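Every chain is numbered from 1, with letters handed out A, B, ... down the list of sequences. All figures in this text were calculated on a predicted structure; none of them were measured in a lab.
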Amino acid sequence: MSNRLRHLVDPLDLSMEETRRLLDLAESIADDREAFAHKCDGKILATLFYEPSTRTRLSFESAMMRLGGKVLGFSSAASSSASKGESVADTIRMISCYADIAAMRHNKEGAPRIAAQYAGIPVINAGDGGHQHPTQTLTDLLTIRREKKRLNNLTIGLCGDLKFGRTVHSLIKSLVRCENIRFVFISPEELHVPSYIIDEVVKPSGCAYKEVRTMDEVLPELDVLYMTRVQRERFFNEEDYIRLKDSYILDGEKMKLAPEDLIVLHPLPRVNEIAVEVDNDPRAKYFVQAQNGVFVRMALILMLLGVEPGLYEEETSC
Amino acid sequence: MSNRLRHLVDPLDLSMEETRRLLDLAESIADDREAFAHKCDGKILATLFYEPSTRTRLSFESAMMRLGGKVLGFSSAASSSASKGESVADTIRMISCYADIAAMRHNKEGAPRIAAQYAGIPVINAGDGGHQHPTQTLTDLLTIRREKKRLNNLTIGLCGDLKFGRTVHSLIKSLVRCENIRFVFISPEELHVPSYIIDEVVKPSGCAYKEVRTMDEVLPELDVLYMTRVQRERFFNEEDYIRLKDSYILDGEKMKLAPEDLIVLHPLPRVNEIAVEVDNDPRAKYFVQAQNGVFVRMALILMLLGVEPGLYEEETSC
Amino acid sequence: MSNRLRHLVDPLDLSMEETRRLLDLAESIADDREAFAHKCDGKILATLFYEPSTRTRLSFESAMMRLGGKVLGFSSAASSSASKGESVADTIRMISCYADIAAMRHNKEGAPRIAAQYAGIPVINAGDGGHQHPTQTLTDLLTIRREKKRLNNLTIGLCGDLKFGRTVHSLIKSLVRCENIRFVFISPEELHVPSYIIDEVVKPSGCAYKEVRTMDEVLPELDVLYMTRVQRERFFNEEDYIRLKDSYILDGEKMKLAPEDLIVLHPLPRVNEIAVEVDNDPRAKYFVQAQNGVFVRMALILMLLGVEPGLYEEETSC
């Protein structure tokens, strides 16, 4: 176990081997929560949410509390020192005096990276603008692995807003590191996967992929269907949002076209892109995903704090 | 002890027998707080306050902490996922992954009932619009029982805003289940008890009641005087509020008319409907009431989590 | 150890002897944090922040959590009962039912004093308007004592906004009680030390002092340089703020003029009055100061709760 400070800002900060160990630990936690209930007794997590995100914040808080730790922080920029003109660098140095680990959500891309540079404690990026959201990616990977029993040999459909959806981009970047992954991108013309993702991430990896405009034609061939919310705040005008938001809705009829062993994921919150009638379908795994998000964050906190090993493969190979 | 999930949305969700057991447990807690200090170690309460209410939220948080548990949540809709269009049903399913029990305050009547339908954990209604606020009612009942040593054979004056005050309506609905209760409704014409409460609750119960316009005439006959705040937010226009808010003020002069064993209750916050000079009168019990609110919530959390028995009378009678 | 309730509203509520004991305890905590990790198990701190202040709030919360205690409260007036018209007196009586000790920040001067009068628990003033901020003063004193190994025989430069800066006023009032203190007030004409501080505090104490307009001329003679933020919210108009805020900036060039054993303090948050290049200078102690703020608050909580002795010198001398 090393004393070197580690952070998680980009999902790719973790090697595939480190990611595998983290998912192993998350599964151990899921199998025996009691065994981990006091691992962080006396430790404090700071949740620094410059942008509100109840779901992510509470997931982190639950994770720390389930480990026996405590939580302090703020849930919007209005109640932070930022309103007094303080820099992220200064804030994280102060927080390093108050807590043992921090999770930061920020509307500005790159803010968590800056925080990590100045921090005296491990920093976890809990989402920075349209950029990265690594614990969501880890949650997605854990859910796929727990449900499908593998992270390779998979055909994965990604549906909805593939242009602005950072969870989609991060998931693609992580999955190209696995073997024999095939992507099916399902989106309207206006919201298709950015070309840099195709050209710089997917193509170089050798992963097969195709782009389609409707779900129906590809549902039968999918192992995983990853639905995304069409986020109002990413649109430049209200008309485009209204025209497109209902275009890619998964309902009971469409589910009839899908294989029996499909799993449906969604980073949540869902608005109406998955009809509520799908919720009771055993293939709907988006609420299971929310639970997995707690396990993954528990594992991450344990490894970043050095309570559990796994993040320092260089050392262990010596 | 049953594994069946129970919630508390309406005070009448509890039978009078269950209510009695809950008050018994609350009194045991009041008598020996230390004995309960670790009953919820490792448990998490989620406080889901779509509408701010410091008093109620902190009372719940204190209750859980006094049991050894932890708390996460949000204190206004602005910092909740609701602002992203998420339904209450989805939110509570997510929260069920993060916490062991939830207290929900919502501006929309019925929201906690919907939450209870979809929850994987017990849900407590912490106030829904002008509708129900069951833990306030239980607090009132506990205070009456601890101070008067009985919940029957009582003449109870309810004063102030009897039209919009949900605590008043809930208290009436609970008390009609006790024996030999007499109600005295003291309010201006504009804020009198709604006729459905009289016709559907009071009259069928056989409880005696009368309606009066001034306090002075009835003070000598009361065992309990329940004062209420005239809430600005319930009024349609500012003029009515200003004209009526000062009409029903309890002060030292009026207290001289009251019996020596009267108790004065108020759900708080108080604005000016009770003069501060009354605070030092030994008959003023509204701050004791605030303390009882913690004990009642501790008892409720313990029973809903199944840590203490008492909510499953059907089973115990088998 | 006495059962008499004590509060901290003004730094001068503590005698110099009590202050010394509190700093002793804070140093003991700094030297062996583990020894104090469970001193407040089962205790609850209420953080009542009517005005947002992330830094101060989180410092208090961290302090209580590092002692094993828990925290509840609110971080802005909007989420407090004050918005329903409740008085501070009523709020603190309610909070006394929920928590064991309270830290209050209020925009109105004197509010914490009123709270202390009605509280059933110890109340700590966490800043009231432009008035007092005693835990900041204690933090400053601890940092000077830990770094300089003394609280007497010091030349202390105070720079920036000396007119509105409450931390400056409080620090002066505390330091005049020490021996052989010399003050150097460095500020623009518009923001100089109020004459009542000079006439009623500094002069009667016999402390030497001088007022200057620029830093450079006095830097060589200082033991301590206390920098302050020029707070936008204290100005009557934006133009004055913009004209003056950059006038008193400490940078690497100026640091060359200062003695090797100078220490630079700042109550934080810093905007631009200390250039970031100074951060790596070993004489920069403002982040150490943030850490000391936690130790001082831990000591204060322990002494106000009576867990550790030291606040009741009358008794101990009996």
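Residues from residues 133-143 of chain C never place a non-hydrogen atom less than 4.5 Å from a non-hydrogen atom of chain A. Contact annotation for residues 35-45 of chain A against chain C (heavy-atom separation below 4.5 Å, listed by residue number): A:Gly42, A:Ile44.
Side-chain atoms of C:Arg57 and C:Ser75 include no donor-acceptor pair closer than 3.5 Å. C:Gln132 and C:His169 share no donor-acceptor pair across their side chains, judged by distance under 3.5 Å alone.
Judged by the 6.0 Å and 45° rule, A:Arg105 forms no cation-pi pair with A:Phe49.
In this structure, CE in A:Met65 is found 9.0 Å from CG in A:Leu58, a value given to the nearest 0.5 Å.
Counting heavy-atom neighbours within 6.0 Å of A:Tyr118 OH, excluding the residue itself, gives a total of 12 or less.
Using a 4.0 Å cut-off between a side-chain N of Lys or Arg and a carboxylate O of Asp or Glu, C:Asp279 and C:Arg270 qualify as a salt bridge. In summary, C:Glu27 and C:Arg145 engage in a salt bridge, as defined by a charged side-chain N under 4.0 Å from a carboxylate O. Taking 4.0 Å as the cut-off between side-chain N and carboxylate O, A:Glu86 and A:Arg93 do not count as a salt-bridged pair.
Relative ring orientation between A:His106 and A:Tyr50 is described as tilted, the plane-to-plane angle lying within the 30° to 60° band.
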